[in-house]
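This report concerns only the one structure given below.
Keep in mind that what you see is a predicted model, and the values were worked out from it rather than measured.
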Amino acid sequence: MKKVGLTGGIGSGKSTVAGMLARRGFVVVDADEIARGIMEPGSPVLDEVARAFGADLIDADGALNRRELARRAFASDAATARLNAITHPAIRAESERRFAAAEAAGERAVMYDMPLLVDLGLDKAMDLTVVVDVDVDERVRRLVDTRGLDEADARARIAQQVDDAARLAAADVVIDNNGPLEALAPQVDALVRHINGL
């Protein structure tokens with residue numbers, strides 16, 4: 001089974017591309033969805049995050065205030081590294097479990113939708129690395145318009161990820177998402193043909 005890493009900076013539209021691939025029949029292992037799942041109320045990972053970043057992040061129902069955690073965790077490189085050290089082992093273990101399930105089901109390829117694929121060096125374990133690329137200023141605009149972030153927060157989150165040049169250097173395939181949504185489909189179709197030819 002081929003592993004295809006799908007990545008891009010925050011606000012790049014990587015999840016949109018992942019959705020298009022899922023609609024074309026590919027299994028998508030979504031690291032962000034896994035990250036949310038491992039921090040459900042009462043989970044050991046959530047308990048560790050609360051110890052590291054403050055018990056006030058947990059509300060009366062035991063749920064995490066994700067926006068406030070992001071604000072604290074992306075405030076510095078050290079804080080980001082601290083969060084990653086807590087969450088990434090659990091994300092990696094669940095990802096590997098899902099890869100194994102896809103392989104057991106006879107899938108020819110699985111998409112690994114992982115924002116930090118290059119940051120963590122996980123691209124080296126992939127058969128193909130796909131980068132969704134968007135200019136930084138456009139990503140900031142999208143984060144402000146669609147996610148309600150203020151510009152400073154958007155830029156801080158972008159700065160905590162590997163820079164675009166390093167991400168692009170790791171790419172086997174680049175999908176340009178600077179344009180309108182309708183420009184994505186032909187690129188995704190070309191990617192599908194490429195994956196099927198592996």
Side-chain angles (χ1 to χ4, degrees), residues 1-40 43-46 66 80 83-134 139 142 147 157-158 160-178 181-198:
M1 183 186 73
K2 302 297 184 186
K3 290 182 185 174
V4 179
L6 175 64
T7 194
I10 184 171
S12 66
K14 172 186 57 61
S15 297
T16 301
V17 173
M20 294 171 79
L21 288 164
R23 286 190 294 278
R24 284 158 174 78
F26 289 98
V27 170
V28 176
V29 175
D30 182 343
D32 281 344
E33 181 260 319
I34 292 170
R36 288 188 294 274
I38 63 170
M39 290 205 277
E40 288 296 311
S43 74
V45 173
L46 181 57
R66 294 179 189 280
T80 303
L83 178 64
N84 290 347
I86 296 168
T87 59
H88 286 173
I91 294 168
R92 191 159 33 249
E94 177 59 17
S95 298
E96 290 295 339
R97 188 194 69 74
R98 294 188 189 190
F99 294 151
E103 188 160 24
E107 298 292 339
R108 283 193 64 248
V110 64
M111 307 293 125
Y112 192 28
D113 178 355
M114 174 44 139
L116 303 180
L117 191 80
V118 176
D119 310 52
L120 301 175
L122 300 176
D123 56 298
K124 296 172 181 60
M126 299 292 116
D127 296 293
L128 188 74
T129 296
V130 179
V131 171
V132 182
D133 186 49
V134 177
R139 286 162 54 201
R142 291 177 187 179
R147 297 199 199 176
R157 293 187 191 206
I158 288 170
Q160 288 302 319
Q161 296 183 332
V162 72
D163 66 43
D164 290 351
R167 199 179 289 112
L168 289 169
D172 297 304
V173 175
V174 176
I175 292 182
D176 180 354
N177 192 23
N178 284 290
L181 187 60
E182 54 267 25
L184 271 182
Q187 297 182 78
V188 172
D189 288 338
L191 173 61
V192 169
R193 290 192 294 273
H194 186 74
I195 292 167
N196 288 337
L198 289 176

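- Side-chain contact check for Asn177 versus Arg142: some heavy-atom pair is nearer than 4.5 Å.
- Taken to the nearest 0.5 Å, the CD1 atom of Ile86 stands 9.0 Å off from the CE atom of Met39.
- Side-chain N or O atoms of Asp172 include one that pairs as donor or acceptor with a backbone N or O of Thr129 at under 3.5 Å.
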Leu191 and Leu128: side-chain contact (heavy atoms from CB on, under 4.5 Å), yes or no, with the steps?
CA-CA 10 Å; Leu191 173 61; Leu128 188 74; 4.1 Å; yes
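- Between the side chain of Ser12 and the backbone N or O of Val134, no donor-acceptor pair lies under 3.5 Å.
- Residues Arg92 and Glu96 are not paired through a salt bridge, judged by the lack of any N-O separation under 4.0 Å between the basic side chain and the carboxylate.
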Please output the side-chain donor-acceptor pairs of residues 100-125 that fall under 3.5 Å, not counting sequence neighbours, one pair per line with the distance.
| residue | atom | partner | partner atom | Å |
| --- | --- | --- | --- | --- |
| Tyr112 | OH | Ser95 | OG | 2.8 |
| Asp113 | OD1 | Lys14 | NZ | 2.5 |
| Asp119 | OD2 | Val162 | N | 2.7 |

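- Under the 3.5 Å distance criterion, the side-chain polar atoms of Asp127 are left unmatched by any main-chain donor or acceptor of Val4.
- Remark: Ile38 CD1 to Thr87 OG1 distance equals 5.5 Å, nearest 0.5 Å.
- Classification of Arg36 and Glu33 as a salt-bridged pair fails, no side-chain N sitting under 4.0 Å from a carboxylate O.
- In this structure, Asp164 and Arg139 approach most closely via the heavy-atom pair OD1-NH1, 2.9 Å.
- Arg157 and Ile10 make their closest contact through CD-CD1, 3.9 Å (heavy atoms, listed as atom of the first residue, atom of the second, distance).
- Shortest non-hydrogen contact noted between Met1 and Phe99 is CE-O, 3.5 Å.
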Evaluate side-chain contact (heavy atoms from CB on, under 4.5 Å) for Gln187 paired with Asp176, printing each intermediate quantity in order.
CA-CA 8 Å; Gln187 297 182 78; Asp176 180 354; 3.9 Å; yes
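- With a 4.5 Å cut-off on side-chain heavy atoms, Leu184 and Leu181 count as touching.
- Residues Ala171 and Val131 come closest through the heavy atom pair CB-CG2, 3.6 Å.
- Closest approach of Arg24 to Asp189, counting heavy atoms only: NE-OD1, 2.8 Å.
- Arg167 places a side-chain heavy atom less than 4.5 Å from the side chain of Thr7.
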